[in-house]
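Order of the sequence lines sets the chain letters (A, B, ...), proteins ahead of strands, with each chain counted from 1.
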Amino acid sequence: EAQVTQNPRYLITVTGKKLTVTCSQNMNHEYMSWYRQDPGLGLRQIYYSMNVEVTDKGDVPEGYKVSRKEKRNFPLILESPSPNQTSLYFCASKGLAGQRSEQFFGPGTRLTVL
Amino acid sequence: GEDVEQSLFLSVREGDSSVINCTYTDSSSTYLYWYKQEPGAGLQLLTYIFSNMDMKQDQRLTVLLNKKDKHLSLRIADTQTGDSAIYFCAESMEGNEKLTFGTGTRLTIIP
């Protein structure tokens, strides 16, 4: 089944404790992206990647890092989480070849930073 | 810059039509989308429309685009309890994969 998976789905942590949220897709998509969803703000893009070893900042990159060592994986790293990073995070992927295709979203990771 | 706006809440009686509205500011938007988010789930693409179209219909869903007013709407006919969700409109431009989302409209169905 074609899908985007994220782990963990739920995470409660404390300020300053480094964490990684993994994202994996099995559709051989070139493009991958991370968004955060906050009430009244919709989804905002954090980082994106057009292909392996190619990453770039989105609208709200502060406090986050990403890497794209393999095509299927796009982990989101919070080196020193703070309470304002409490949010719902979504990973998405999309193929870039051929006609316009949709972005597929993962199920989300709910992060609470105390 | 890009800005996409939606009302936060909408309540509709079961069987009636729901109309969810969205306005955007970027006139260079090429594609406009409607996503559905059910509780605890990711986003599901419902439909999208090219900016050179006025209307698109897909079963119970009708999308209307008024490019002059930068207004997009999603009409759901015969609204059912399974339509309860948050609906997001989003835009993107040709050559740019980034989606700019609205705030989302929470649709509640009244039995």
Side-chain angles (χ1 to χ4, degrees), chain A residues 1-10 21 23-25 29-51 54-61 74 87-110, chain B residues 1-10 20-26 29-53 56 58 61 63 72 85-107:
Chain A
E1 180 192 354
Q3 60 182 346
V4 180
T5 56
Q6 296 178 226
N7 281 292
R9 293 290 313 278
Y10 303 91
V21 183
C23 172
S24 184
Q25 49 93 6
H29 284 166
E30 294 83 7
Y31 179 85
M32 297 185 75
S33 180
W34 277 102
Y35 295 86
R36 60 178 287 175
Q37 181 183 358
D38 301 292
L41 294 175
L43 279 80
R44 294 175 293 167
Q45 190 182 55
I46 303 170
Y47 266 95
Y48 67 95
S49 169
M50 298 296 287
N51 214 323
V54 181
T55 63
D56 212 341
K57 295 177 181 178
D59 295 321
V60 288
F74 190 45
S87 189
L88 180 58
Y89 291 86
F90 288 100
C91 181
S93 75
K94 181 178 182 296
L96 296 180
Q99 300 225 332
R100 184 157 193 89
S101 61
E102 70 176 274
Q103 286 198 30
F104 290 84
F105 283 81
T109 295
R110 187 166 290 281
Chain B
E2 312 125 343
D3 194 18
V4 181
E5 307 240 340
Q6 300 177 240
S7 300
L8 290 179
F9 303 100
L10 176 66
I20 304 170
N21 294 303
C22 171
T23 57
Y24 60 98
T25 57
D26 196 333
S29 297
T30 309
Y31 302 93
L32 295 133
Y33 307 81
W34 283 105
Y35 282 86
K36 178 182 182 183
Q37 183 183 33
E38 296 184 75
L43 276 74
Q44 172 197 357
L45 179 65
L46 286 178
T47 186
Y48 67 91
I49 190 169
F50 297 107
S51 60
N52 62 359
M53 297 168 65
K56 182 177 181 182
D58 184 2
L61 305 179
V63 178
L72 181 75
I86 301 176
Y87 291 81
F88 290 94
C89 68
E91 61 168 6
S92 70
M93 285 175 277
E94 187 72 43
N96 188 341
E97 305 304 327
K98 177 186 143 184
L99 293 171
T100 299
F101 285 87
T103 52
T105 299
R106 183 180 295 276
L107 176 64

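In plain terms, the two heavy atoms of A/Phe90 and B/Gln37 that are nearest each other are CZ-NE2, 3.1 Å. A pairwise comparison of heavy atoms in B/Leu99 and A/Tyr35 identifies N-OH, 3.5 Å as the closest pair. Listed here is the closest heavy atom pair of B/Phe88 and A/Gln37: CZ-NE2, 3.3 Å.
In terms of heavy-atom pairs under 4.5 angstrom with chain A, the leader among B/Gly40, B/Gly42, B/Ala41 is B/Gly42.
Using a 4.5 Å heavy-atom cutoff, the side chains of A/Leu43 and B/Thr100 are not in contact.
Heavy atoms of A/Tyr48 lying under 4.5 Å from chain B are absent altogether.
To the nearest 0.5 Å, atom CD of residue A/Glu30 and atom CD of residue B/Glu97 are 9.5 Å apart. Distance CD/A/Gln103 to OH/B/Tyr35: 5.5 Å, rounded to 0.5 Å.
Every residue two or more places apart in sequence or in another chain that forms a side chain to side chain contact (heavy atoms under 4.5 Å, CB included) with A/Asp38 is listed here: A/Arg36, A/Leu41, A/Arg44, A/Ser87.
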